[in-house]
Amino acid sequence: MVSVNQPHAIFKEYQSEYQENELTELKKHLVEKRTLAERIDQLDLAQYLIMGRGDQKNHIEESPSVKEDLFEAILGAIAIDSNYNIKEMQDAVEEMLNPDLYIFEEDINYIDEIQQWSLRKCGELPKREFREHMGSLWANVPGVLTQAPLPHAKYECFLQLNDFEMPARAYGTSKREAHEAAAKLLYDELEKRGILFTIRDEIDEPTITMAINQLETLARRGYFSLPEYKFEQQYDENGNPVWYVECHIAEMEYYYYATSNSKKQAKKEAAYDMLLYVLDHYEAKDTNR
């Protein structure tokens, strides 16, 4: 890193115990929607959202996108209130993100997974009910997924998917913990029945014709950042123009390229190769969970 202080340049050296590729992965994980939403939960900041009755009824405060927006809004307010003081802004970011919590963590966010399943399947968030745990347990009921009680549990959560016949009931020392336990019960049951969504459920059959749009659809649904394309016009041995196009996605290890006398066709072919790669990449991740 170079800090310029006229008339001389001052060079500062920073060291890290992580390799460059590990730091890249950490940065990528820190800024994704799931991480920002989790930090809002851990900091218990969603309670300060001001919502209309419709949003309250639908528990919109549990939406990862809303939590991500809240995280960014808080940082924006801090930037304005501090008159864009770099140190104060950096302190706030470090406190809110707490990178040490996210060093290559691979845990599944069951609440997010179940919410996304419910939104895709029936267009609404799961129905849920919290109540204080008074020591007596809800009895095991046939057709209800029930978690064994936790010692010192304070809350009970009842979670129901609108398009799934088995609700879940779980306990926790906090509402968040009970909610997550109930979501895990549902997630495990959906996985056992083989009806969890995968990345291939997001799009129709991949085709060269639709590959550019299909990649963008997956990006806008949060799987990765928007693809970027690099174009270069070259010439063949006879002097005819040939388009060389590369397709890059920041989170992917590889990029793909294609050549054609048509710029649009080269872009489609590069996008198609990238599309096949990301589908295989995310299916492998799901298999290894």
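If you read the sequence from its start, that first residue is 1, and numbering goes on from there.
The residue from F158, Y155, Y171 that alone fulfils the ring pair (Phe, Tyr, Trp, His ring centres under 6.0 Å) condition with H133 is Y171.
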Would you check, one step at a time, whether the test side chain to side chain contact (heavy atoms under 4.5 Å, CB included) holds for M89 with S82? CA-CA 8 Å; M89 291 164 59; S82 69; 3.9 Å; yes
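Atom CD of E132 has 12 or fewer neighbouring heavy atoms from other residues, nucleotides or ligands inside a 6.0 Å radius. When the shell of 6.0 Å around OH of Y110 is examined, it contains more than 12 heavy atoms from other residues, nucleotides or ligands. By the 6.0 Å contact criterion, CD on E232 is enclosed, its count of non-hydrogen atoms from other residues, nucleotides or ligands being greater than 12.
Taking the side chain as every heavy atom from C-beta outward, N240 and N261 never approach each other to under 4.5 Å. No side-chain heavy atom of I203 sits less than 4.5 Å from a side-chain heavy atom of L215. Between Y229 and I212, some side-chain heavy-atom pair lies under the 4.5 Å cut-off.
Because its NZ or CZ atom is not both nearer than 6.0 Å to the ring centre of F164 and within 45° of the ring axis, K121 does not count as a cation-pi partner of that residue.
By the 4.0 Å N-to-carboxylate-O rule, D188 lies too far from K192 to be salt-bridged with it. The pair R193-E165 meets the salt-bridge criterion, since a charged nitrogen lies less than 4.0 angstrom from a carboxylate oxygen.
Donor-acceptor pairing under 3.5 Å is lacking for the side chains of Y187 and E189. E269 and S260 form no side-chain donor-acceptor contact under 3.5 Å, judged by distance and modelled atom types alone. Using a 3.5 Å distance cut-off with no hydrogens or angles, the side chains of Y223 and E202 do pair a donor with an acceptor.
Listed by chain and number, the residues in a ring pair (Phe, Tyr, Trp, His ring centres under 6.0 Å) with Y255 are H248 (sequence neighbours excluded).
Atoms NZ and CG, from K67 and L36 in turn, are 11.5 Å apart once rounded to the nearest 0.5 Å. Taking CD of Q214 as the reference point, atom CD1 of I208 lies at 11.0 Å (rounded to 0.5 Å).
Under a 4.5 Å side-chain heavy-atom cut-off, the cluster of Ile, Leu, Val, Met, Phe, Trp and Tyr residues that includes I50 has no other member.
Between V245 and K267, the shortest heavy-atom distance links the atoms CG1-CA, 3.8 Å. Taking all atoms of both residues into account, the shortest heavy-atom contact from A168 to A182 is CB-O, 3.5 Å.
Between Y256 and Y277, the ring planes are tilted. Angles from 30° to 60° get that label.
Outside the 6.0 Å centre-distance limit, the rings of F231 and Y244 are not counted as a close aromatic pair.
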